[in-house]
Amino acid sequence: MVGIVLISHSAPLAEEVAELACQIGGREAPIAAAGGTDDGGLGTSITKVADAVAAVDRGQGVVLLFDLGSAVLTAKTYLDEHPHAGVHLADAPFVEGAIAALVASAAGANAKAVTAAAEEARVVGKL
Amino acid sequence: MDVQFFVTWLEEVASVVQTQRDHLTQLDAAIGDADHGANLDRGFTAVRQALADTPPDTPGAALVLAGSTLIRRVGGASGPLYGTAFRQMGKTLGDAPEVSLAELSTALDAALAGVQKLGAAVEGDKTMVDALAPAVRALAGAVQDGAKPADAIAAAAEAAAEGARATIPLQARKGRASYLGSRSAGHEDPGAASTALILGALRTAGSR
């Protein structure tokens with residue numbers, strides 16, 4: 001299955017979004033949180049991103065989701081430093097995108113389809 | 001300019017960022033999340049340590065080491081941005097032991113291109129690009145005019161400082177301040193201010 005990595009400024013935010021996604025999408029697809037700086041503050045850590053990618057990589061691709069600011073830049077910089085055809089960036093809303101991605105991955109979608117599922121969450125209306 | 005010049009520059013940056021840490025944080029408190037001074041201070045302190053632990057042999061190696069350290073250690077958006085800038089400079093210079101003014105100009109242009117590719121900011125968005133782009137132009141112009149290295153670097157530093165001051169009336173279109181809309185006007189952009197400090201340190205290093 002395709003791995004999902006959630007990159008946020010806040011460690012608890014990333015972990016809780018992962019937990020929420022698992023409650024809806026199940027615990028079969030691998031998902032990991034990469035939130036906060038190395039010393040536990042607000043911000044992002046490229047080391048945490050690298051560790052999270054390694055933790056969820058089952059050889060079928062990994063999709064990165066991010067919240068804002070340095071989370072976006074850290075995801076792009078990670079991919080620049082570690083070019084990997086199987087790692088995809090999803091330009092998606094953080095919460096809804098994570099849920100859609102996890103559901104798609106658990107259903108056996110490939111990395112491209114998981115990325116598309118996350119990105120489609122942007123245009124799904126709530127009202 | 002040899003490796004010692006670039007190490008001196010990076011150490012000078014670490015020193016000036018430490019001195020200006022609270023000023024940068026105050027600028028960031030006005031329109032951001034009040035961590036720019038602390039983040040850059042942590043990053044360049046780590047750069048100083050890395051340069052001492054594994055002394056680089058070439059200007060390119062010194063800049064790549066600085067960039068990689070900033071990417072790993074800063075935590076905020078300035079880590080990937082400045083990290084990419086220094087790494088691009090370093091990669092452009094390759095393993096040459098000596099760097100000419102023209103090569104420095106080319107490397108600074110590559111730094112700007114890397115920052116713009118990563119952050120997608122253009123001039124006028126109220127970001128570090130508003131200080132870096134005029135400095136790149138000033139340096140290239142000075143090289144074209146056959147200026148002496150010290151004068152060319154001084155021109156670049158002054159252009160960066162002017163560019164940073166010119167961000168005060170702008171409304172932010174990129175970065176954290178863009179969430180504030182028109183309330184971001186009236187404050188100097190912290191990223192442009194730190195870019196001006198970094199290029200000011202280049203002038204200081206050149207006069208040593």
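Throughout, protein chains are lettered first and strands after them, A, B, ... in sequence-line order, and every chain is numbered starting at 1. Bear in mind that the values here come from a model prediction, so they are computed numbers and not experimental data.
- Within a 6.0 Å sphere centred on CD of A:E28, other residues, nucleotides and ligands contribute 12 heavy atoms or fewer.
- The environment of CD in A:Q23 is crowded: more than 12 heavy-atom neighbours from other residues, nucleotides or ligands sit within 6.0 Å.
- In this structure, chain A has no heavy atom under 4.5 Å from any part of B:K174.
- Here the NZ-CG distance, from A:K76 to B:L81, works out to 9.5 Å after rounding to the nearest 0.5 Å.
- Across B:K117 and A:D80, no two heavy atoms sit closer than the pair NZ-OD1, 4.1 Å.
- Here CG of B:N39 is found 8.5 Å from OG1 of A:T37. Values are rounded to the nearest 0.5 Å.
- What you find for A:S70 and B:G76 is that their closest heavy atoms are CB-C, 3.3 Å.
- In this structure, the separation between CZ on B:R42 and CG on A:D39 is 5.5 Å, given to the nearest 0.5 Å.
- For chain A, the option among B:G79, B:G175, B:A77 with the highest count of heavy-atom pairs below 4.5 Å is B:A77.
- For the options B:G83, B:S78, B:G75, B:S178, heavy-atom pairs under 4.5 Å to chain A are most numerous at B:G75.
- Atom CG of B:D95 has 12 or fewer heavy atoms from other residues, nucleotides or ligands within 6.0 Å.
- Smallest separation of non-hydrogen atoms from B:G119 and A:L73: CA-CD2, 4.1 Å.
- Around atom CZ of A:R58, more than 12 heavy atoms belonging to other residues, nucleotides or ligands sit under 6.0 Å away.
- Of the atoms belonging to B:R87, it is side-chain heavy atoms, and not backbone ones, that fall under 4.5 Å from chain A.
- With values rounded to the nearest 0.5 angstrom, B:I71 atom CD1 is found 9.0 Å from A:T74 atom OG1.
- How far OG1 of A:T47 is from CZ of B:R73: 9.0 Å, rounded to the nearest 0.5 Å.
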